[in-house]
Amino acid sequence: MVELFVLLLKVLFVLNLALTLGSLCTWIERKGSALIQDRVGANRAGVFIESDRWFLKPVLPLVRMAGWLGLIQTFLCDSVKGLWKEDFVPEGTSRFLHAVAPIIAVLPIMLAFAVLPLAPEFTVFGYRIHPQLARIDAGLLFVLAMGSVAVYGVAIAGWTGNNKFSLLGALRAAAQMISYELPMGMVFVSLIVVYGSLDIYSIVEQQGQLLWGVLPAWGIVLQPVGFVVLLLAGMAETKRGPFDLPEAESELAAGYFTEYSGMKFLLFVIVTGKQIGRAHV
């Protein structure tokens, strides 16, 4: 019973961590791009909130600050709006496939988080807790496999959109995601050679050691070229600029999820970290 309860807590924590990171990346891109482009970014929702209730007055300054930083817009308003928006499905397509495509695109990413170690082992009330949802000996291969499965969700989304722009975006996205899996795999192979293991938890533990008593045995220290390659491949896999050809708004409106709205659209946003436009949500 205790093991089941601990497993449930792990699942909830990992799920919320993945969703929060998706929203956090969207917020960073909004405010980061605003600074780069000399804009203010999202800074309206919650900024002008007022209340005469005495028990709300102490927290109002914090709420206004969160609104000015764009946190309320990103973490609250977008999700609430997505839940209440109309679920539009194009005519002449399968409603089932249209609904399952964003799930296929998001679920493998969530499953990949299951093998990521979150902290060292610790003890609570005499019970030893391993802060990893699923300890798989071949964790690196599992992460690479989950990234490959996500391609199917993108392809199905573009096909069921019944739209030439969606189809073109899906073809571009599928080709790009499959192509950049090769450099990702090469980086994983280099990690296996350096650390001698496919277990992610073992790899993380080895990075706590010191090289020559001075440098930490981090992957970026042992494989600096691999770090750069993995960074670029990760940006390409999530279709972020300058690898945003599948979502080229000037050509394809929004790419493979042009015909998606509401929460289905937000699922794709979580995966890609794409900024949310008023025309789509």
Side-chain angles (χ1 to χ4, degrees), residues 12-47 49 61-83 102 105-113 116-119 143 146-147 150 154 173 176-177 180 184 187 204 218-220 224 226-250 254-257 260 262-281:
L12 293 176
F13 181 81
V14 171
L15 180 61
N16 281 279
L17 175 64
L19 295 175
T20 303
L21 284 176
S23 299
L24 181 62
C25 290
T26 302
W27 175 74
I28 292 175
E29 183 177 15
R30 280 177 168 173
K31 304 304 288 188
S33 61
L35 292 174
I36 294 172
Q37 300 168 12
D38 196 20
R39 297 184 290 106
V40 294
N43 69 341
R44 288 294 182 270
V47 175
I49 187 172
L62 297 177
V63 174
R64 297 192 191 101
M65 178 60 68
W68 181 77
L69 292 174
L71 296 173
I72 295 178
Q73 175 70 40
T74 304
F75 288 89
L76 179 62
C77 296
D78 290 340
S79 57
V80 172
K81 183 179 181 181
L83 289 172
V106 173
L107 185 59
I109 309 302
M110 300 297 181
L111 292 176
F113 273 85
L116 297 182
L118 304 176
V143 172
M146 289 299 100
V154 171
Q176 181 169 300
M177 293 175 72
Y180 281 92
M184 286 182 60
V187 174
V204 172
W218 296 349
I220 188 174
F227 168 77
V228 176
V229 172
L230 186 61
L231 177 63
L232 296 176
M235 294 175 64
E237 285 288 316
T238 54
K239 297 165 286 295
R240 305 308 306 130
F243 305 98
D244 58 343
L245 192 63
E247 304 171 5
E249 295 185 351
S250 60
Y256 55 90
F257 50 89
Y260 279 87
M263 200 60 203
K264 294 178 183 177
F265 177 84
L266 290 182
L267 288 177
F268 285 115
V269 170
I270 292 173
V271 176
T272 62
K274 178 183 175 67
Q275 290 198 55
I276 301 174
R278 295 190 184 95
H280 305 307
V281 182

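Note that the coordinates shown come from a computational prediction; the quantities given were computed from them, not determined experimentally. Along the sequence shown, residues carry numbers from 1.
- Side-chain N or O atoms of W27 include none that pairs as donor or acceptor with a backbone N or O of Q73 at under 3.5 Å.
- Taking each heavy atom of M184 and A233 in turn, the nearest pair found is CG-CB, 3.4 Å.
- Of the inter-residue distances, the one linking L71 atom CG with L62 atom CG reads 11.5 Å to the nearest 0.5 angstrom.
- The shortest distance between side-chain heavy atoms of V14 and L116 does not fall below 4.5 Å.
- Side-chain contact between V47 and V63 is absent, with no heavy-atom pair separated by less than 4.5 Å.
- Here the shortest heavy-atom pairing between V204 and P117 reads CG2-CG, 3.6 Å.
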- Message: F13 vs L118, test: side-chain contact (heavy atoms from CB on, under 4.5 Å). Steps then yes/no.
- Response: CA-CA 10 Å; F13 181 81; L118 304 176; 3.4 Å; yes
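- Taken to the nearest 0.5 Å, the CG atom of L232 stands 7.0 Å off from the CE atom of M235.
- Heavy-atom minimum distance, V154 versus A173: CG1-CB, 3.4 Å.
- No side-chain heavy atom of I109 sits under 4.5 Å from any side-chain heavy atom of M146.
- The nearest pair of heavy atoms linking A236 to Q176 is O-NE2, 2.8 Å.
- For I220, the CD1 atom is loosely surrounded, since the number of other residues' heavy atoms within 6.0 Å does not exceed 12.
- I49 approaches R64 most closely through the heavy-atom pair O-NE, 3.2 Å.
- You'll find the side chain of L21 reaches within 4.5 Å of the side chain of F113, heavy atoms only.
- Summarising the geometry of A105 relative to A150, their closest heavy-atom pair is O-CB, 3.9 Å, with the distance given to 0.1 Å.
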